[in-house]
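Working notes, beginning with the structure itself.
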Amino acid sequence: MNILVTGGLGYIGSHTCVKLIEAGYTPIIIDNLYNSKKAVLERIAQITGKCPQLYIGDVRDKKLLTTIFSNNEISAVIHFAGLKAVGESVTIPLAYYDTNVYGSLCLAEVMQKHKVYNLIFSSSATVYGEKNPTPYIETFQTGNITSPYGWSKFMTEQCYIDLQHSEPNQWSISLLRYFNPVGAHPSGLIGEDPQGTPNNLMPYISQVAIGKRPFVSVYGDDYATPDGTGVRDYIHVDDLAEGHVATLQMINRAGIHCYNLGSGSGNSVLEVIAAYENACGHPIPYKIMPRRAGDIDAFWADASKAKKELGWQTRQTLADMARDSWNWQIKNPNGYIDGKE
């Protein structure tokens with residue numbers, strides 16, 4: 001079964017391609033290499049023994065998408081492609097709406113023309129906004145979002161919901177709301193390779209651990225949490241990738257299907273730092289900084305729906321996430337080296 005994976009050379013996309021191959025699917029990748037490297041394709045092949053077909057291009061290119069669907073019998077699409085930095089989205093909001101929302105519409109339009117109605121969308125817990133209580137449940141109202149990135153995910157979800165309602169007996173659309181993916185493949189061959197300053201906590205910690213940066217900034221130590229630092233739901237990227245395979249096995253169910261993909265519990269910033277210290281074997285310096293505007297005390301997923309309907313739940317611990325992240329970091333201190341780009 002051929003599965004089109006948009007953004008398939010990215011962090012989550014590449015791990016999902018590995019899991020797809022291991023589960024017997026054939027991923028076909030489209031990626032514009034904006035935030036990824038061509039070398040990832042070779043790493044996927046090293047891990048699985050199979051090299052996915054790659055189309056270099058953008059999901060906003062409907063002509064290219066038409067070529068892909070015309071030349072391949074696609075059974076379903078997993079849609080990862082998009083911009084993903086919250087802070088950057090505030091600076092260049094139009095780019096986020098163009099890439100994330102318009103790109104998602106282009107994809108759906110071409111899928112519709114080729115009668116491919118199975119779609120899994122890479123969404124985010126940011127759609128729950130700031131006013132919902134913890135843990136987040138799929139039935140909560142979404143909105144009250146503070147960044148263009150979050151709004152782009154919210155808008156795309158709404159577009160897809162409206163599309164499914166327009167052809168209710170055709171479309172099977174799964175909206176997967178991620179929490180905080182971290183870690184790397186245990187082989188150390190693929191992992192997170194942020195361009196420039198990392199936007200997320202664990203990649204930043206890993207660069208401090210290897211000596212690229214002097215210390216970790218901890219934004220606030222007076223939150224209403226056990227150690228005063230913010231608590232978030234962290235999920236191993238391999239567990240997250242397996243969540244996509246579990247969702248794929250339930251396709252051809254017409255409807256909108258929302259799932260939280262998270263661990264169902266939270267860890268504080270200081271707990272993540274401590275786990276990484278255990279993984280790398282030495283202390284990691286950090287400094288307490290003022291709170292950032294918009295940050296909340298704690299949030300994590302209620303992941304019971306995914307367990308009940310998909311038979312999926314996380315298996316890996318925070319220690320596993322730190323161990324695999326460090327393994328990736330020490331084996332790839334400068335990320336992917338791609339002489340072809």
Side-chain angles (χ1 to χ4, degrees), residues 1-61 63-84 99 103 106-107 110 116 120-122 178 181-196 198 203 206 236-245 248 324-325 327-341:
M1 184 183 291
N2 294 330
I3 311 299
L4 180 63
V5 183
T6 75
L9 296 185
Y11 174 46
I12 302 171
S14 60
H15 287 80
T16 301
C17 284
V18 168
K19 294 296 182 183
L20 287 171
I21 293 169
E22 291 174 348
Y25 296 100
T26 301
I28 297 171
I29 297 171
I30 176 173
D31 199 298
N32 67 2
L33 305 181
Y34 177 80
N35 195 32
S36 60
K37 298 286 179 61
K38 205 171 178 180
V40 177
L41 194 68
E42 300 163 12
R43 304 291 186 92
I44 293 172
Q46 280 183 260
I47 294 169
T48 65
K50 295 182 179 179
C51 187
Q53 185 178 1
L54 170 65
Y55 290 88
I56 298 176
D58 197 289
V59 292
R60 292 168 292 182
D61 184 347
K63 184 177 180 180
L64 174 60
L65 288 176
T66 297
T67 298
I68 295 171
F69 279 90
S70 298
N71 293 346
N72 301 277
E73 188 175 336
I74 306 293
S75 297
V77 177
I78 304 179
H79 179 30
F80 293 107
L83 301 175
K84 62 178 185 176
T99 300
C106 292
L107 176 64
V110 177
V116 177
I120 297 172
F121 174 55
S122 166
Y178 307 164
V182 296
H185 192 271
S187 67
L189 285 169
I190 56 175
E192 189 166 10
D193 182 19
Q195 308 300 301
S206 71
H236 196 294
V237 67
D238 264 3
D239 280 339
L240 182 59
E242 288 176 356
H244 291 77
V245 176
L248 190 60
D324 290 341
S325 172
N327 183 43
W328 155 258
Q329 183 67 73
I330 57 177
K331 289 181 177 178
N332 304 270
N334 298 309
Y336 294 109
I337 304 299
D338 192 346
K340 300 175 184 177
E341 296 305 314

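Looking at every heavy atom in both residues, Ala81 comes nearest to Thr6 through N-OG1, 3.0 Å. Listed here is the closest heavy atom pair of Ala76 and Leu248: CB-CD1, 3.7 Å. Contact between Tyr11 and Gly183 at its shortest, heavy atoms only, is OH-O, 2.7 Å. Residues Glu192 and Pro181 approach most closely at OE1-O, 4.5 Å, considering heavy atoms. Nearest heavy-atom pair across Pro186 and Asn327 is O-ND2, 3.0 Å.
If you take CG on Leu64 and CG on Asp58, they are separated by 9.0 Å, rounding to the nearest 0.5 Å. The distance from the CD atom of Gln329 to the CG atom of Asn334 is 8.5 Å, given to the nearest 0.5 Å. We find the OG1-CD1 distance between Thr26 and Ile74 to be 10.0 Å, quoted to the nearest 0.5 Å. Between atom CD1 of residue Ile3 and atom CD1 of residue Ile21 there is a gap of 11.5 Å, rounded to the nearest 0.5 Å. Here the straight-line distance linking atom CD1 of Ile30 with atom NE2 of His79 works out to 10.0 Å at 0.5 Å rounding. In this structure, CG on Asn71 lies 10.5 Å from OG1 on Thr66, to the nearest 0.5 angstrom.
Judged by distance alone, with hydrogens and angles left aside, the side-chain atoms of Asp31 form no donor-acceptor pair with the main-chain N or O of Leu54 at under 3.5 Å. Of the possible polar contacts, one joining the Thr67 side chain to the Lys63 backbone as a donor-acceptor pair under 3.5 Å is found. Put simply, the side chain of His185 never gets that close to the backbone of His15: no donor and acceptor are under 3.5 Å apart. No donor-acceptor pair closer than 3.5 Å links the side chain of Asn35 to the backbone N or O of Gly10.
Using cut-offs of 30° and 60° on the angle between ring planes, the pair His244 and Phe80 is tilted.
With contacts defined as side-chain heavy-atom distances shorter than 4.5 Å, the pair Thr99/Tyr34 does not qualify. At least one side-chain heavy atom of Phe69 sits under 4.5 Å from a side-chain heavy atom of Val77. A heavy-atom distance below 4.5 Å is found between the side chains of Lys37 and Gln195. Contact annotation: the side chain of Asn72 approaches that of Gln53 to within less than 4.5 Å [non-hydrogen atoms, C-beta and beyond]. Two residues are said to be in side-chain contact when any heavy atoms from C-beta on lie closer than 4.5 Å; Thr16 and Val5 fail this criterion. The shortest side-chain heavy-atom distance between Ile56 and Lys38 falls under the 4.5 Å cut-off. Using a 4.5 Å heavy-atom cutoff, the side chains of Tyr336 and Ile190 are in contact. Residues Trp328 and Asp193 are in side-chain contact: their nearest non-hydrogen atoms beyond the backbone lie under 4.5 Å apart.
A side chain to side chain contact (heavy atoms under 4.5 Å, CB included) with Cys17 holds for exactly one of Ile28, Ile44, Leu41; it is Ile44.
Other residues, nucleotides and ligands contribute at most 12 non-hydrogen atoms within 6.0 Å of the NZ atom of Lys50. No more than 12 heavy atoms of other residues, nucleotides or ligands shown are found within 6.0 angstrom of CD on Glu73.
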For this session: Under the side chain to side chain contact (heavy atoms under 4.5 Å, CB included) rule, what do Ile78 and Leu20 come out as? Steps first, then yes or no, please.
Result: CA-CA 11 Å; Ile78 304 179; Leu20 287 171; 4.1 Å; yes

